Amino acid sequence: MRAVKEAGLSVSSQQVARWHRTGLLPKPSQRSLGRGRGTQTVYPPGTTRQLVALIHLHKRHRYLDDVGWRLWWHGFPVSERHWLGSLRHAASCFSDIRDKAGQALALLESGDEDEADMVFADMETAVANSSAPKFVKHLRKRVGRKNFISFLCFLMKVVDGSIGDPPDATDDCDNARDLRIVAGATGLDRSQRRPPKGFLPLLFSREDIWRGFADVSSVFRDETIASRIDGISEASWIEARDELRDLMTFFQIIVMVLRPAFGKRSPYGFGIAAEIADNATTFDLAVMLIFYRALKDEVFRGNEVALIGAVRGILALYAAARRQEAA
């Protein structure tokens, strides 16, 4: 309680008790003070840091489910319902999105373009709404309103599991147009054609970008996203969580370091990754974690280990430089 006060915060002992009963804080134990001297409530080591973090998070996030997820995301121990419950909820919501994507694509294939256009128009309106994540609005602005509908259609194919081999970029067809739009939306196309001064062009092509989306799509082509939740150990989720969190932090730092030289339009598509990290909701983080853990099993197959090691090395160097600068 003293640490909470020193942090400029306030909380009652009753509130602390409610939070540990809901699994947001570790449960305390009762320690005897000796015959006739009663007992003392003792919380496990680390509870002070977790309580301060909890109060800060609760000031930014109204719902305790969001607070619980954020605590777990940052490595604090919470009740299983707060992290596993969020994963299951995200899987359920994503399954609904996938079903709607399948319906919209079926409408297109059946030639009912008017109905399909209504679905896309509703999605476009939702994105234009002020409550939409900033990075989605930036994508819409980057590709233009007309192309954004095509981009949404492409994303529908991704979540529907129907992305196949990349089309020939020289072909004048819808898939080839989608290929150009996707490369432009991610910002990678610009770095291929006009890399920032002092930087080399990207070594991979538009087709490689497409294959990356195809890999994501293939993970759920034959399995539902819900089937990727249960039966996975907490240790496996924690490993994937820590790797994904470090990757997202890495992108945020890269953008921050490069911003003085390149402005808001960071090279190589890092800006999009950073915008997603900055504006991610509990649902966004849960879905990304489900996908990332599945990709570890089905696509990466251990090849991500070297990348994660390099990223963590860079993060450690950056943290050391910040400490030296502060000193």
Side-chain angles (χ1 to χ4, degrees), residues 90-91 94-109 116 119-120 123 135-136 139 142-143 147-193 201-229 240 243-244 247-248 251 268-273 276 284 286-308:
F94 187 86
S95 294
D96 291 341
I97 294 172
R98 178 177 175 173
D99 291 342
K100 291 177 181 177
Q103 294 170 7
L105 293 173
L107 288 170
L108 282 178
E109 292 176 0
V119 174
F120 294 134
M123 293 182 68
F135 77 89
V136 178
L139 284 176
R142 181 172 294 164
V143 302
N147 287 339
F148 187 67
I149 299 298
S150 298
F151 185 63
L152 288 177
C153 184
F154 173 81
L155 292 182
M156 282 186 167
K157 293 178 183 177
V158 172
V159 301
D160 190 49
S162 58
I163 293 294
D165 293 332
D168 187 336
T170 62
D171 289 346
D172 185 17
C173 64
D174 289 343
N175 281 343
R177 183 193 62 198
D178 289 344
L179 184 62
R180 293 191 293 271
I181 292 172
V182 169
T186 58
L188 295 172
D189 197 39
R190 176 172 170 264
S191 295
Q192 288 173 326
R193 292 181 287 103
L202 290 179
L203 298 179
F204 51 88
S205 63
R206 288 176 175 175
E207 289 74 15
D208 293 323
I209 299 170
W210 183 288
R211 290 188 185 94
F213 279 103
D215 285 339
V216 174
S217 184
S218 69
V219 169
F220 300 103
R221 186 165 295 150
D222 301 317
E223 288 192 61
T224 64
I225 190 171
S227 68
R228 297 281 183 176
I229 305 298
E243 291 177 0
L244 178 60
L247 282 171
M248 295 172 72
F251 286 128
Y268 307 122
F270 289 145
I272 294 296
I276 293 174
D284 297 333
V287 169
M288 285 191 287
L289 180 57
I290 294 169
F291 269 76
Y292 178 76
R293 210 211 63 78
L295 288 169
K296 276 171 63 71
D297 290 344
E298 303 294 334
V299 179
F300 301 155
R301 299 182 182 276
N303 292 325
E304 79 283 1
V305 173
L307 172 62
I308 296 298

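Given the structure is predicted, the values throughout are model-derived calculations rather than measurements.
A distance of 12.5 Å separates CG in D284 from CG in L289, rounded to the nearest 0.5 Å. K296 contributes atom NZ, which lies 4.0 Å from atom CD of E304 (distance to the nearest 0.5 angstrom).
Counting all heavy atoms, side chain and backbone alike, S217 lies closest to G161 at OG-CA, 2.9 Å.
Using a 4.0 Å cut-off between charged side-chain N and carboxylate O, D297 and R301 make no salt bridge. The residues R228 and E298 are annotated as salt-bridged, a charged nitrogen and a carboxylate oxygen being separated by less than 4.0 angstrom.
V299 meets the side chain to side chain contact (heavy atoms under 4.5 Å, CB included) test with D215, V219, L295; sequence neighbours excluded. Evaluation of the side chain to side chain contact (heavy atoms under 4.5 Å, CB included) rule for S95 yields I225 as partners, not counting sequence neighbours.
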Take F94 and I290 through the test side-chain contact (heavy atoms from CB on, under 4.5 Å) and record every step on the way to the result. CA-CA 11 Å; F94 187 86; I290 294 169; over 6 Å; no
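Annotation: side chain of V305 is not in contact with side chain of F300 (no heavy-atom distance under 4.5 Å).
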